[in-house]
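Read through the structure below, which is laid out as structure tokens, and then see the notes.
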Amino acid sequence: MGGYDHKKIEKKWQKKWEKDGLYKTPDTSKGKDNFHLLVEFPYPSGNLHVGHWYAFAVPDILARHLRMQGKNVLYPIGFDAFGLPAENAAIKNKLNPRKWTLGNIEYMKKQIRSMGTSFDWSREVVTCDPSYYKWTQWLFLQLFKAGLVYRKETAVNWCPKDKTVLANEQVVDGKCERCDSEVVQKQMLQWNIKITDYAERLIGDLDALDWPKEIKESQKNWIGRSEGAEIDFPLTGAVKDDSRFLLLHGRESSSEGEYQPWLKAELEKRGYEVEVVDMPNPSEPDDEEQADHVEKHCTLDERTVVVGHSFGGVVAMRLLERGNKVRRVVFVATAVSGKFLDGKIRKSVTRACKKGFDFEKIKKQARTFMVVPDLTDKIIPISDAEALAKNLNAMYVPGKGNSPHFTGEKEPDVLMMCAPTIRVFTTRADTLFGGTYLVLAPEHPWVTLALDNKHNVLKNKEEVLTYVGKAKKKTEIERQAVEKEKTGVELKGVKAINPATGREIPVWVADFVLGHYGTGAVFADAHDERDFAFAKKYGIPLKETLEPLVVRTSGADTVRDGEPFMERNSAMAFVQHWSEDKYLTVKYKPVDVRGCVSGGMHEGEDAVAAAKREIAEETGYANAKLVRKLGGTIHSKYFSDNRKTNTFAHFTPMLFKLEDGTQVDVTPDEKSRHEVSWVSANEMTAFINHEDWRIAWTRVQSDACYAGRGVLFDSGEFDGLTSDEAIPKVGAKFGRLVKQYHLRDWIVSRQRYWGVPIPIIHCPKCGPIAVSDKELPVKLPEVKDYLPEGSGKSPLAKVKKFVQVKCPQCKGKAERETDTLDTFVDSSWYFLRYTDPKNSKQFAAGSKQKNWMPVDLYSGGAEHTTMHLLYSRFWHKALFDLGLVGEPEPYTRRMNRSLILGPDGQKMSKSRGNVIDPDEVVGRLGADTVRMYLAFIGPYNEVSSFPWNPDGVVGVRRFLERIARFQECVSDEDVPELEGILHRTIKKVGDDIRALKFNTAISQLMIFLNHAEKQRKASRTQWDGFIRLLAPFAPFLSEELWHDVGHKTSIHEARWPSYDAARLEEASITIAVQINGKTRGQASVAPGSDSMTHEAAATKAVQDRLSGKKIVRTVVVPGRLVNFVVEE
RNA sequence: GCCGGAGUGGCGGAAUGGUAUACGCACACGACUCAAAAUCGUGCGGGGCAACCCAUAAGAGUUCGAGUCUCUUCUCCGGCACCA
């Protein structure tokens, strides 16, 4: 093929570059700015596909260009080597996943090298290497020690036949991918990371990032903030019990401390007797001394509910150990281990805890125990609460404190656990007065409590138990099947009080309410489609409290900003035909408002009379009779074309029927403005073009739910307010304004073999404990069989040597955690390791990080927009807060690349047989061709997809051959004709590369070659410049040509050519000559000429057309066009 | 349903509000050749002999001038979705 032997060239230069260490990137280079260009590291699946080429070879163009521009560019690579495919291959083919993975890596490295990318392999990172995952474990433990990691019962996909936990990807249509049996939900203790604590910052910090808008929007969407209010509904009926409360405060507190007075008042409001006690020596408390004090001064009997806050909980346990029997104990943020998150010493507490507790004895002294840790606690570790709940077989109900450690003046989560109160979350507090029932999620803690054997509050316990049991068994997918009818059961014997109206309302359980969102409970009203349908189905009463309010925001009657409104009462009438099932429509022609008859009421006229008059005036029909009013009022704001003012109309919607077809005369004026016609009920929906009419029409046909915004009525002091005004006011008065997020905490536990072992030891006494730094890494043990153990634990659980350890604290028997970490943890920090890949003392030294962080540009796939990008941003922020990294955001600029499809326009897949094998194309046409074709195929930084065109790639090859051939035409002779185009090319190629518009950069290179070929010659200097422009795109060929003309050093170390702004223009340029904006001819002028108008007027086309016409205006765009505006 | 993005020749696509269709592919014709391939040259949105007219999903608007800005509608793609 021509004189271009790509195989020889590519082999030669690949070897030479590697020998010279051309792409070894120093941490710093004198006089050069650093630039960190990051691409997502690949999973070692074993074979390189076109997607990899697209992901690595195209950004390499930018890397090479920036280097030629004098930047010290780090373009690193590694392998995301843990994960499911290796394990699946291991199970299926009886392979060792490590060997499988490392073998794949070796093979893929060879392939990647063939691309001619300038990766610095000396910084390669492999996540399954113990020298890497040691630091993954270490970083995980830093978050653990900072209280950002906790365990929680979470539903996992469980295959009953394989007895294994399934990843979401392994569940296909609700069935196990492997054995096709039905997947069920199973509750298991899983490690979670508190990403939700960072939700607000993850949204807020997006603003400052140079990221495409759509990625930011996606992330915001994923986090899903909604602003609303939390409102408490006290329960009655069930709670008319004779409980009495004893409140025990904690260390450094008193009966007046923290929430104690507030809680007492709240409980008394609900009719309970409450006793508070001041403990002796609160600053250095002694558990036994305080227990003595309580025994002496307080009543402890089987009616008593003891609420122990912090150290008060310890005292409560001592009291029970001594044989005191009570009804219930609520442990609020109680210490058990004597260890604290903030590292401070609280000697008295630790001493008391060290003595241990006789849980078996305590368990027998009360009917129920509740453990209420604060998830935002900065003192007591969450593991204390877990251990306590486990030991006492207690209800474990984590809450969130108003202040950490429940030290606020009001702590509603504590109240909720003492006296039954249901907290709901709503974004529509404006409908609170119409809240006629409550709905709880089946997993709501209060439902669990009510179903507990020790209570007898429900009259239909069996029914509820059955329903809740069924709901819990359902998989997430089933529960999310939206089309399905909603089901639920009433909790009979229990009522809630609507705090706004004071009325008792029924309480239901239904699985359409999600346990994990908001508070797991909602109040329901007539202005929500779902609540409305549910109430109709079960005959629950509803109460409307909103009249619709419509603001017209499109078309000619759009409300005019800043102008006053004229209020008027109006009639709105649907008129039915006297014999057919048809309705009258009226189109108000001047502004295309399509509806029915409407008009303002005159002085002394009621709505019905006004409607009858308007019917006659607009349509001529005389004998209309009222069928019924269509309920309430519909408010509408619009600009009245008729009166030329903003109007705030209050419509009374009505249905009329004509008794006969009698008509009176319609004035010509009315006729000209209104177009009247008859339509069927079905056509009406399409005819109406305004929301207010549409709302009224839905009421003609059935009683429909109005779920939009409106004006409040029957809502006490809030009557007359609009929804938007009322939402914050009502929310603040009856509850508190809060934000909720759809984002859930990050579950990192995987019951899998091929991952990073979670470095935790479980001690039956001390709870979960971090493995000490010097024991890291906790190495992944070898196992014989990669199938999970039958109980749902990972295969690690079968390795006794691995599992059985001593507790690092109490030296007793303990067990290692056997779950492994989600691989998203591995990839949340890999770019940090690139900055200091060999460090055995630290994950990356701060001084090294500084060279390359934050990442200047991160290029990757759109599929990582929400998961990987969000997790790694969170991880980085957590490390930033711990002082381990120097900046709160890891990636300054991000771009999502497009997608390469098969030649048939479909996603490449083996089953479709449309897979392009890059190795084959490279063998046939060369790596330079493949790189360049991929860059040329379409814009790189727009999320789009491009089919691989086998003809198109040959076209690029032809271009490279023409370049190779043209080198013979280069001589020392000057070719001034090429100067302008060369300088324009230098400018455009550079600009386009930096804007990631590689496709137009290449087209500009092609344009230059077309020019050169037309001249059949180019000077040596010009050609040198052109080859350097080509170098980032075709590194092999350009290097070959460069050396061919006598250069001794690599073209990739050459400087990027510079252009001369003065030489961008040609000697004469062609401008367009327009008349009234239409191009009528062309004129040739000198650049910067001030006689453009003159030249343009002299053209024949203009002279012919302008004769006898008056030029009103002349628009001149320098270097572009002259436009003569003439009178028509 | 909600949130994004996009609709330009036969195809991939180009176009700071300023000559729409650059560049490439495909196609057609021509040159070279005994012939073919390769290569080179010419043409290539639609209509019209032409002057010219019509075309950037459809419709309106702003402007001397709109693929580009505004509004409405349609279609396609991506994400989220019983989220209270």
Side-chain angles (χ1 to χ4, degrees), chain A residues 1-2 212-222 224-226 228 424-429 431 439 441 479-484 486 510-514 516-525 528-531 533-534 553-556 558 592 689 740-743 862-863 865-866 896 899 905 933 936-939 942-956 958-959 961-962 965 997 999-1007 1009-1010 1013 1070-1083 1104 1112-1126:
Chain A
M1 271 196 195
K213 189 180 146 207
E214 61 269 21
I215 304 182
K216 291 186 183 182
E217 287 301 316
S218 274
Q219 291 218 341
K220 281 186 195 168
N221 219 274
W222 184 266
R225 175 171 62 195
S226 60
V424 303
F425 173 72
T426 181
T427 54
R428 289 298 301 270
T431 62
V439 192
R479 271 185 69 170
Q480 284 179 1
V482 182
E483 321 80 54
K484 147 206 101 155
K486 312 217 176 319
D511 67 3
F512 72 79
V513 176
L514 306 173
H516 59 76
Y517 184 73
T519 58
V522 297
F523 80 81
D525 61 79
D528 178 278
E529 300 273 3
R530 196 188 40 206
D531 298 346
F534 190 80
T553 54
S554 68
T558 299
D592 193 29
N689 71 347
Q740 282 291 341
Y741 304 91
H742 291 185
L743 184 69
E863 69 274 21
T865 298
T866 41
N896 282 359
L899 201 71
Y933 173 62
F936 186 56
I937 198 166
E942 276 172 29
V943 178
S944 176
S945 55
F946 309 111
W948 176 280
N949 179 352
D951 291 321
V953 72
V954 174
V956 171
R958 277 204 285 260
F959 173 60
E961 285 172 13
R962 277 162 59 204
R965 227 177 297 139
K997 291 157 109 183
N999 54 335
T1000 51
I1002 293 171
S1003 90
Q1004 186 63 32
L1005 291 172
M1006 290 172 168
I1007 290 170
L1009 187 66
N1010 290 347
E1013 283 178 336
T1070 309
I1071 60 159
V1073 182
Q1074 298 184 333
I1075 296 171
N1076 286 347
K1078 292 201 174 178
T1079 304
R1080 293 302 178 189
Q1082 295 182 328
D1104 290 352
V1112 184
R1113 193 178 148 190
T1114 308
V1115 180
V1116 180
V1117 182
R1120 291 278 189 181
L1121 58 78
V1122 176
N1123 183 17
F1124 298 105
V1125 184
V1126 299

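Keep in mind the model is a prediction, meaning the values are calculated, not measured.
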> Taking only residues two or more places apart in sequence or in another chain, which ones pass salt bridge (Lys or Arg N to Asp or Glu O under 4.0 Å) with A/Arg962?
Replying inline: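 Listed in chain order: A/Glu1013.
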Categorize [X] for me: base, sugar-phosphate, or nothing, with a 4.0 angstrom heavy-atom threshold over every strand shown.
X	result
A/Ile937	sugar-phosphate
A/Asn999	sugar-phosphate
A/Phe425	base
A/Lys216	nothing
A/Val522	base
A/Arg225	nothing
A/Lys213	sugar-phosphate
A/Glu942	nothing

Closest to side chain of [X], choosing from [options]:
X	options	value
A/Tyr517	B/C64, B/C83, B/C80	B/C83
A/Arg965	B/C40, B/C23, B/G79	B/C40
A/Leu514	B/A84, B/G18, B/A14	B/A84
A/Thr1000	B/A14, B/C53, B/C23	B/A14

Side-chain N or O of [X] versus OP1/OP2 of [N]: is the shortest distance under 4.0 Å?
X	N	value
A/Thr866	B/C80	no
A/Lys220	B/C2	no
A/Tyr741	B/C83	no
A/Arg530	B/A84	no

Could you work out the separation of [N] and [M] based on their [atom1] atoms and round it to a whole Å?
N	M	atom1	answer
B/G9	B/A14	C1'	13 Å
B/G59	B/C54	P	14 Å
B/C83	B/C76	C1'	28 Å
B/A36	B/G48	C1'	39 Å
B/G67	B/G1	P	32 Å
B/A58	B/A22	C1'	27 Å
B/U68	B/U62	P	15 Å
B/A38	B/C74	C1'	48 Å

> Given that A/Thr1079 and A/Glu217 both sit by RNA chain B, which one's nearest nucleotide is further toward the 5' end?
Replying inline: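 Closest to the 5' end, via its nearest nucleotide, is A/Glu217.
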> Relative to the 5' end of RNA chain B, which residue comes earlier, A/Glu214 or A/Pro947, by the nucleotide with the nearest heavy atom?
Replying inline: A/Glu214
> Just by distance, do the side chain of A/Asn1076 and the backbone of A/Val1126 share a donor-acceptor pair under 3.5 Å?
Replying inline: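 Pair found, side chain donor or acceptor close to backbone of A/Val1126.
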> Is the side chain of A/Tyr933 donor-acceptor paired with the backbone N or O of A/Pro950 at a distance under 3.5 Å, no angle test?
Replying inline: no
> Given atom NE2 of A/His516 and atom C1' of B/A84, what is their separation to the nearest angstrom?
Replying inline: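 Atom-to-atom, A/His516 to B/A84, this comes out as 12 Å.
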> Atom CG of A/Asn221 to atom C1' of B/G1: distance rounded to whole Å?
Replying inline: 13 Å
> Do A/Phe936 and A/Phe959 have ring centroids that are under 6.0 Å from one another?
Replying inline: no
>> Is there a side-chain contact (heavy atoms from CB on, under 4.5 Å) between A/Ile1002 and A/Gln1004? Walk through the geometry before answering.
In response: CA-CA 5 Å; A/Ile1002 293 171; A/Gln1004 186 63 32; over 6 Å; no
Give each protein N/O atom lying under 3.5 Å from an N/O atom of nucleotides 24-31 of chain B, with the pair distance.
unit_1	atom_1	unit_2	atom_2	d
B/G24	OP1	A/Asn1010	ND2	3.4
B/C25	OP1	A/Arg958	NE	3.4
B/C25	OP1	A/Arg958	NH2	2.9
B/A26	OP2	A/Arg958	NH2	3.4

>> Taking Watson-Crick (N1-N3 plus N6-O4 or O6-N4) and G-U wobble (N1-O2, O6-N3), each under 3.5 Å, can you produce the dot-bracket string of RNA chain B? Use [ ] for crossing pairs and | for inter-strand ones.
In response: (((((((..(((.....[....))).(((((.......))))).(((....)))..(((((..]....))))))))))))....
